[in-house]
Asker: 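If you scroll down you'll find the structure; I have some questions about it.
The sequence lines fix the lettering, A, B, ..., with proteins before strands; numbering per chain opens at 1.
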Protein chains: 2
Amino acid sequence: MPVTVLLVDDEPLVRAGLRAVLEAQSDIEVVGEAADGAAVIPLVRQLRPDVVAMDVRMPLLDGIEATRAVLRTVDEPPKILVVTTFENDEYVYEALRAGADGFLLKRARPAEIVHAVRLVAEGESLLFPASVRQLAARYGEGDGNRAARAALERARLTEREAEVLRLMTRGLSNAEIADRLFVGTETVKSHVSAVLAKLGARDRTQAVIAAYESGFVAPG
Amino acid sequence: MPVTVLLVDDEPLVRAGLRAVLEAQSDIEVVGEAADGAAVIPLVRQLRPDVVAMDVRMPLLDGIEATRAVLRTVDEPPKILVVTTFENDEYVYEALRAGADGFLLKRARPAEIVHAVRLVAEGESLLFPASVRQLAARYGEGDGNRAARAALERARLTEREAEVLRLMTRGLSNAEIADRLFVGTETVKSHVSAVLAKLGARDRTQAVIAAYESGFVAPG
DNA sequence: GATCGTCTCCCCCGCCCGGGGGAGGCCCGT
DNA sequence: ACGGGCCTCCCCCGGGCGGGGGAGACGATC
């Protein structure tokens, strides 16, 4: 019983990339594609996918409105995985509040993408650990705390990796982090690489940005 | 509606001097004094000053930790003006990066002290709250006042530099910034170097951190 | 016992980054 | 006309960074 996925993105290249990555898995099947959120509802009704990989920015109907529309009008709605580029995630939390089950960076490694699809298909909420704090803040005192804790338990950054990321957000170099943690620089490099991969960041600067944008660290 | 100021310095003489200078202004009111950073937080909560004139070197809790503590634990924190004896004080950099809003030399002329207080009180100061240590060091043994003033002037980012910094905070590489701005990578490198120097940042990661910490860019 | 995840450390390698110094063109204000 | 700031581009150069791959030790879990 494979996981069925509907791809919604205005860029054909992105759809092709997601399809290639996901179709390579024997337990995942891409059952359809859409170029805009406006086309999602009929496709969802027709194909009844387990997961909708939803882009945020689309010309006609963006991912936020499309997510709301699907969840309001479809019985037994699919899980919605918000797909976003790194720079334009200001709408991600709106989408999550609209009912999306997780979000994913486009530049994530294939294994991460596959992992994300499987997780949301299983009903788990998928959030990058860095987003937990911000999520809790935006959801207030409601059941958001529960979701935040749940996400925290499935935190994909290990304890050590989180500590390394925290020191990265202090502007420390690998050598300085190594001194601070009493380990070798090679060890720090391993952790940094793991952090970059998990956050979908290309370099430490992007990782620090992700940390700020997600609320992993707060300014001031 | 006068600007209210809290003085924090371990030397009574300095506090008296600052009080005399500031109280001479009809629009500035010194509402309290503290002899150490350890006493700052309750006083800030009680007096709610607009500006805290904070010495860097203090016996119990130095200006760096005190600045961090205030910004982290107080709602609507005051502006923090770092006061120091030496323009090349190593701790100035850390204090500014901790979130301080400005930098002032004790030997500055009264008019400049007043000006500095008014500037940070207005919040929208032209100062970029970052290190002036390197800039001050360049002026070396020159007159302290001029060194400080020049440093403050030089700490202002040009329009182009601000644009480059903004793109840096989006995670772009030098080559990507060059493409975005239709200039050569060497030009971008020049701007980046200028930004790093003015912010006292060692690399682009620290510059991005400074941008977030200072409110140059806001997360979310 | 076997497997998995984590933490630790090592190698090689390419390359972007940042420092230092220099230079020409442009507009501006004195 | 001259100087100053700003933007633009160039050179050389070292070093930190990040990718890729591998490996040993440890504890938890099955």
Asker: From CD of A/Glu161 over to C1' of C/dC7, roughly how many Å is that when rounded to an integer?
Answerer: 10 Å
Asker: How would you list, by chain and number, every residue that makes a salt bridge (charged side-chain N to carboxylate O under 4.0 Å, His left out) with B/Glu176, sequence neighbours excluded?
Answerer: A/Arg202
Asker: Rounded to whole Å, how long is the line connecting atom CD1 of B/Ile177 with atom C1' of C/dG18?
Answerer: 13 Å
Asker: Which is it for B/Met168 and B/Ile177 under the side-chain contact (heavy atoms from CB on, under 4.5 Å) test, yes or no, and what are the steps along the way?
Answerer: CA-CA 8 Å; B/Met168 287 166 69; B/Ile177 294 173; 3.8 Å; yes
Asker: Taking 4.0 Å as the cut-off, does a side-chain nitrogen or oxygen of A/Asn174 come that near to OP1 or OP2 on D/dG16?
Answerer: no
Asker: Let me know the distance between CG of A/Asp203 and C1' of C/dC16, rounded to the nearest Å.
Answerer: 10 Å
Asker: Under the side chain to side chain donor-acceptor pair (under 3.5 Å) rule, collect the residues that match up with A/Thr4, sequence neighbours excluded.
Answerer: A/Asp50
Asker: Any side-chain heavy atom of B/His191 sitting closer than 4.5 Å to one from B/Val188?
Answerer: no
Asker: Test of understanding: with side-chain contact (heavy atoms from CB on, under 4.5 Å), list the residues that count as partners of B/Thr73, not counting sequence neighbours.
Answerer: B/Ile41, B/Arg45
Asker: Rounded to the Å, how far apart are B/Arg204 CZ and D/dG18 P?
Answerer: 11 Å
Asker: Using the side chain to side chain donor-acceptor pair (under 3.5 Å) criterion, which residues pair with A/Asp179? Sequence neighbours excluded.
Answerer: none
Asker: Does B/His191 or A/Ser193 map to a spot on DNA chain D nearer the 5' end, using the closest nucleotide for each?
Answerer: B/His191
Asker: Between D/dT8 atom C1' and B/Arg180 atom CZ, what is the distance in whole Å?
Answerer: 20 Å
Asker: Using whole Å, report how far CZ of A/Arg160 lies from P of D/dG27.
Answerer: 16 Å
Asker: Output all residues satisfying side chain to side chain donor-acceptor pair (under 3.5 Å) with A/Arg180, sequence neighbours left out; order by chain, then residue number.
Answerer: none
Asker: Mind running a 4.0 Å heavy-atom check of residues 182-190 of chain B against DNA chain D and sending the residues that fall below it, in number order?
Answerer: B/Val183, B/Gly184, B/Glu186, B/Thr187, B/Ser190
Asker: When the distance from CG of B/Leu196 to C1' of D/dG15 is rounded to whole Å, what number comes out?
Answerer: 15 Å
Asker: Kindly write out the residues that satisfy side-chain contact (heavy atoms from CB on, under 4.5 Å) with B/Glu65, not counting sequence neighbours, or none if the list is empty.
Answerer: B/Leu61, B/Asp62, B/Arg68
Asker: Using the C1' atoms of five pairs at each end, what's the angle between the two axes of the helix from C/dG1-D/dC30 to C/dT30-D/dA1, to 10 degrees?
Answerer: 40°
Asker: Polar-atom pairs under 3.5 Å, protein N or O versus N or O of nucleotides 24-30 of chain C: list them with distances, or write none.
Answerer:
none

Asker: List the atom of A/Val51, the atom of A/Pro78, and the distance in Å for their closest heavy-atom pair.
Answerer: N-CB, 4.3 Å
Asker: Going by salt bridge (charged side-chain N to carboxylate O under 4.0 Å, His left out), name the residues that satisfy it together with B/Arg166, two or more places apart in sequence or in a different chain.
Answerer: B/Glu163
Asker: What is the distance, rounded to the nearest whole Å, between atom CG of A/Leu172 and atom P of D/dG16?
Answerer: 14 Å
Asker: Test of understanding: with side-chain contact (heavy atoms from CB on, under 4.5 Å), list the residues that count as partners of B/Ala175, not counting sequence neighbours.
Answerer: B/Ser173, B/Thr185
